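Note that this is a predicted model, so its numbers are computed, not measured.
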Amino acid sequence: MKIAICILSVVAAVASAATMNPATQEQFTRAFTPSPSFPFTSSEIQFRTQSNKDAYYGALKTFNNLILPREFPATALPLAIITPSQANNQGIEKAVKVAREYGLRVSARSGGYMSGYSANMAAIDREEEDFLLVDLSKLRKVVVDPKKRTATAEPGATGADLAHEVIKYGLAFPSPHSSRVTIGGFLLQGGMGIGSRLYGAGVDNVIGVDIITASGKTVFADARTNRDLFFAIRGGGQFFGIVTRFHLRLTPMVKTPTLTPSYNASTVQVDQVFAIFDRPQANDLLSFYSKFDPTAPRALENKIVFVVDPPTNNKQYLFASVSAVPFNSSTQVAQAQDKITQWYKSIPTNFATSDPTTYHGVVHAGQTRISYYAEDLWFPTPLDPRLLQVLIDQWDKVPSALSSMALNTGTWKAPTRSALGFDPSYSFCIYSTWKRNGTAAWDQENKRWLDETVKALKPWTLGFYANELRPKKLEDKDYWRKCYEKDTFEILEVTKNRWDPENIFKSLQ
């Protein structure tokens with residue numbers, strides 16, 4: 001940040017909870033008392049200092065069991081947590097203003113899915129700071145305008161919430177592949193979703209946002225109004241404010257979309273080719289994929305998922321080619337999928353099918369009560385054969401049968417300009433996943449495997465996807481920089497200085 005003295009830092013050093021005297025702390029608590037000007041209920045507000053610790057830690061719950069709330073370091077425990085049960089911009093605006101008055105930082109989260117510790121681990125930059133956490137997970141309303149083919153959605157809506165509402169009218173949005181992911185973080189950090197190769201990532205289909213900025217006021221941003229903010233929040237949104245509503249562009253999922261609910265996720269058919277290969281076929285599969293995907297029709301979403309067969313612990317490779325937007329299925333799509341079918345018939349497969357699935361079948365739920373230690377990378381196109389061999393070698397070493405890696409379809413061009421960047425490229429997801437058994441050695445073994453894999457892939461890594469990163473360490477000053485191209489990061493810095501010069505929200509460091 002190009003600021004000589006950060007005003008917030010000066011205030012925070014005096015007024016943060018770490019040094020807040022009892023009288024000041026009492027004043028802060030009273031400022032968060034429910035009232036007409038602060039329209040929350042007592043159950044929507046939790047304080048770190050309260051006697052009911054179960055309620056406080058319950059409000060901190062995460063999907064990921066990597067670090068449980070009671071294991072959070074002190075710097076990741078917010079002084080207060082606000083969890084609105086319904087849309088409440090007035091209350092959140094007041095909360096931001098009170099936080100500023102008392103020198104607190106402000107962090108927001110929409111669900112805390114997967115490796116979603118950034119709302120806590122990356123909320124502050126120094127031990128003497130403290131923060132307010134705004135949890136938007138209960139704001140899940142989705143409203144579809146089938147005539148305009150648009151929708152508005154609150155940040156706590158899940159991928160399933162959004163998909164099931166828009167599919168009623170035969171429409172679609174590049175929503176998360178996992179039904180549990182909430183769209184707030186998904187969209188603000190990029191949103192590599194279903195159909196992204198044809199219609200762009202989630203951010204390319206965001207046409208506006210309502211966002212509460214550091215001033216404590218709600219503003220609207222789109223391609224014409226507050227254009228710099230609109231660019232920045234689509235890929236770098238967590239640094240500039242709290243988005244309380246997204247305005248989305250929808251696209252046809254079927255040939256004849258309707259103005260009344262006529263479809264559902266279980267009736268809309270999706271063409272696919274799906275095959276499972278064992279370890280001896282890994283090289284053949286990755287070689288075929290690297291040649292097939294760059295020239296495949298844009299309506300096809302091609303993916304390789306690295307998995308383990310739990311009963312045998314054998315390494316396996318799933319290849320899925322899905323026509324994620326059936327309305328765009330064509331002779332080209334049919335011919336391309338037939339090419340896959342003819343190819344996989346030439347080598348041994350563990351399982352294979354070319355039978356259609358449903359839209360519901362494309363979206364998976366994800367596992368619960370397990371630990372995720374994740375990192376997402378961007379690889380250049382075309383895929384280097386040496387890189388493919390490293391992927392196989394590293395997968396041979398994976399310790400947990402619950403872990404997975406995914407090589408997602410690349411070679412697509414973004415239809416809009418946003419902060420997401422690294423276009424064109426392949427997205428590569430690494431999920432070290434395991435059930436904790438109470439031994440630190442098992443936890444460390446699974447973390448070490450991912451750390452070593454990321455290191456081995458460094459020669460081909462263009463950057464990182466900000467939605468899934470390993471938890472931030474307080475001393476890491478370049479945690480976010482690696483997620484953005486150089487020119488984009490400089491634009492984000494300028495935009496940050498304009499909209500949040502006091503660094504109220506998460507900093508870019």
Got a salt bridge between [X] and [Y], using NZ or NE/NH1/NH2 to carboxylate O under 4.0 Å?
| X | Y | answer |
| --- | --- | --- |
| E26 | R30 | yes |
| D478 | R481 | yes |
| E475 | K473 | no |
| E154 | K141 | no |

Under 6.0 Å between ring centres: does that hold for F240 and F505?
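No: the rings miss the under 6.0 Å criterion.
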
Answer yes if the ring centres of Y317 and F306 are under 6.0 angstrom apart, and no otherwise.
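Ring-ring flag for Y317/F306: true, centres closer than 6.0 Å.
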
Checking the side chain of [X] only, and the main-chain atoms of [Y] only, is there a donor and an acceptor separated by less than 3.5 Å?
| X | Y | answer |
| --- | --- | --- |
| N88 | P39 | yes |
| W449 | Q394 | yes |
| N226 | F220 | yes |

Please examine the side chains of [Y] and [X], heavy atoms only from C-beta on, and report whether any two atoms are closer than 4.5 Å.
| X | Y | result |
| --- | --- | --- |
| Y102 | T24 | yes |
| W434 | S403 | no |
| I45 | F38 | yes |
| D125 | N503 | yes |

Just to verify, what does Y465 make a ring-ring contact (aromatic ring centres under 6.0 Å, His included) with, not counting sequence neighbours?
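For Y465 the ring-ring contact (aromatic ring centres under 6.0 Å, His included) partners, ignoring immediate neighbours, are W378.
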
Listed partners of S110 passing side chain to side chain contact (heavy atoms under 4.5 Å, CB included), at least two apart
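Listed in chain order: P155, T182.
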
Distance-only polar pair, side chains of T62 and R109, donor-acceptor under 3.5 Å:
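Per modelled atom types, T62 and R109 side chains form no pair under 3.5 Å.
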
Would you say K477 has more than 12 foreign heavy atoms packed within less than 6.0 Å of its NZ?
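Result for NZ/K477: enclosed.
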
